[in-house]
Asker: 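This is the structure I want to talk about, given as structure tokens.
Residue numbers run from 1 in the order of the sequence given.
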Amino acid sequence: MQDEYELVEGCRRQDRIVQRQLYERFAGKLFVVCKRYIHDPDEAEDVLQDAFVKIYRHIDSFRFECPLEAWLKRIVINTALKAIRKQKPWEHTADVQELAPILPQADESLPSLNYKYLLQLIQELPPGCRAVFNLYAIEGYNHPEIAEMLDIAEGTSKSQYARARGLLQQKLQSDGHPAPGRSQ
């Protein structure tokens with residue numbers, strides 16, 4: 001298998017064989033990232049393809065300052081977020097202050113669950129909630145960063161995250177799992 005330097009240099013030369021190798025090496029992992037943001041598999045595949053077009057087009061900007069996979073993942077996330085922004089899923093959502101009385105406290109956490117089950121639950125979230133939840137809980141961004149990335153208000157990011165947590169907790173409880181932060 002080629003090392004990252006050879007893959008990047010081959011892609012910079014627009015070598016179709018090397019571009020295919022890059023795709024084959026990373027597409028599976030990056031598709032999982034797409035699926036965290038985009039529920040529909042066909043749409044997630046479209047996002048992945050759009051991301052690879054951007055990757056090939058902008059490979060000259062990769063400077064080996066981070067692992068190649070991290071750079072590729074960032075492009076995939078940005079491409080998925082762009083697709084989500086077009087849908088404007090957070091319009092007509094309540095402000096976080098309106099939801100405060102019914103939302104769980106911040107120190108509560110989801111119990112340890114099967115990864116596939118948790119991914120399925122996340123994919124069932126409405127698009128806006130899903131995007132913010134992924135960025136905050138999985139990718140580790142803070143609300144000001146998420147607000148900037150999605151071109152939304154910070155309060156909208158917070159309310160979408162709170163709504164996502166509430167929906168996940170409701171689903172977990174209805175499926176017989178204990179409420180996060182509480183013992184059975």
Asker: Do Leu167 and Ile138 belong together in a cluster built from hydrophobic side chains that touch within less than 4.5 Å?
Answerer: yes
Asker: Does a side-chain N-to-carboxylate-O contact under 4.0 Å join Glu9 and Arg13?
Answerer: no
Asker: Does any N or O in the side chain of Gln160 come within less than 3.5 Å of the main-chain N or O of Val132, such that one atom is a donor and the other an acceptor?
Answerer: no
Asker: When you measure from the side chain of Thr79 to the backbone N and O of Ile75, does any donor-acceptor pair fall under 3.5 Å?
Answerer: yes
Asker: Which class fits the ring pair Tyr136 and His143: parallel under 30°, tilted 30 to 60°, perpendicular over 60°?
Answerer: parallel
Asker: Are Ser157 and Glu145 close enough that some pair of their side-chain heavy atoms sits under 4.5 Å apart?
Answerer: no
Asker: Find out whether Lys82 and Lys86 are in side-chain contact, i.e. whether some heavy atom of one side chain is under 4.5 Å from a heavy atom of the other.
Answerer: yes
Asker: Determine whether a donor-acceptor pair (N or O, by modelled atom type, separation under 3.5 Å) exists between the side chain of Glu43 and the backbone of Asp40.
Answerer: no
Asker: Taking ring-ring contact (aromatic ring centres under 6.0 Å, His included) as the definition, give me every residue that meets it alongside Tyr37, ordered by chain and number, with sequence neighbours left out.
Answerer: none
Asker: Got Ile55 and Phe52 here, is their nearest side-chain heavy-atom distance under 4.5 Å?
Answerer: yes
Asker: Does some side-chain heavy atom of Pro41 sit less than 4.5 Å from a side-chain heavy atom of Lys35?
Answerer: yes
Asker: Please check if Phe64 and Ile59 belong to a single hydrophobic cluster, counting links between Ile, Leu, Val, Met, Phe, Trp and Tyr side chain heavy atoms closer than 4.5 Å.
Answerer: yes
Asker: So, Arg130 and Asn134: side-chain donor and acceptor under 3.5 Å apart, yes or no?
Answerer: no
Asker: Using 0.5 Å steps for rounding, measure from the CG atom of Leu150 to the OG1 atom of Thr156.
Answerer: 10.0 Å
Asker: To the closest 0.5 Å, what do you measure between CG (Leu22) and CD (Gln19)?
Answerer: 8.0 Å
Asker: Within the structure provided, determine whether Met149 and Asn78 are in side-chain contact (heavy-atom separation under 4.5 Å).
Answerer: yes
Asker: I'd like to know whether CZ of Arg16 has more than 12 heavy-atom contacts from other residues, nucleotides or ligands below 6.0 angstrom.
Answerer: no
Asker: Lys73: which residues meet the salt bridge (Lys or Arg N to Asp or Glu O under 4.0 Å) condition with it, sequence neighbours left out?
Answerer: Glu139
Asker: Which of parallel (below 30°), tilted (30 to 60°) and perpendicular (above 60°) describes Tyr161 and Phe133?
Answerer: parallel
Asker: Among pairs that include at least one residue of residues 44-53, which meet side-chain hydrogen bond (donor to acceptor under 3.5 Å, both in side chains), considering only residues two or more places apart or in two chains?
Answerer: Tyr23-Gln49, Glu45-Gln49
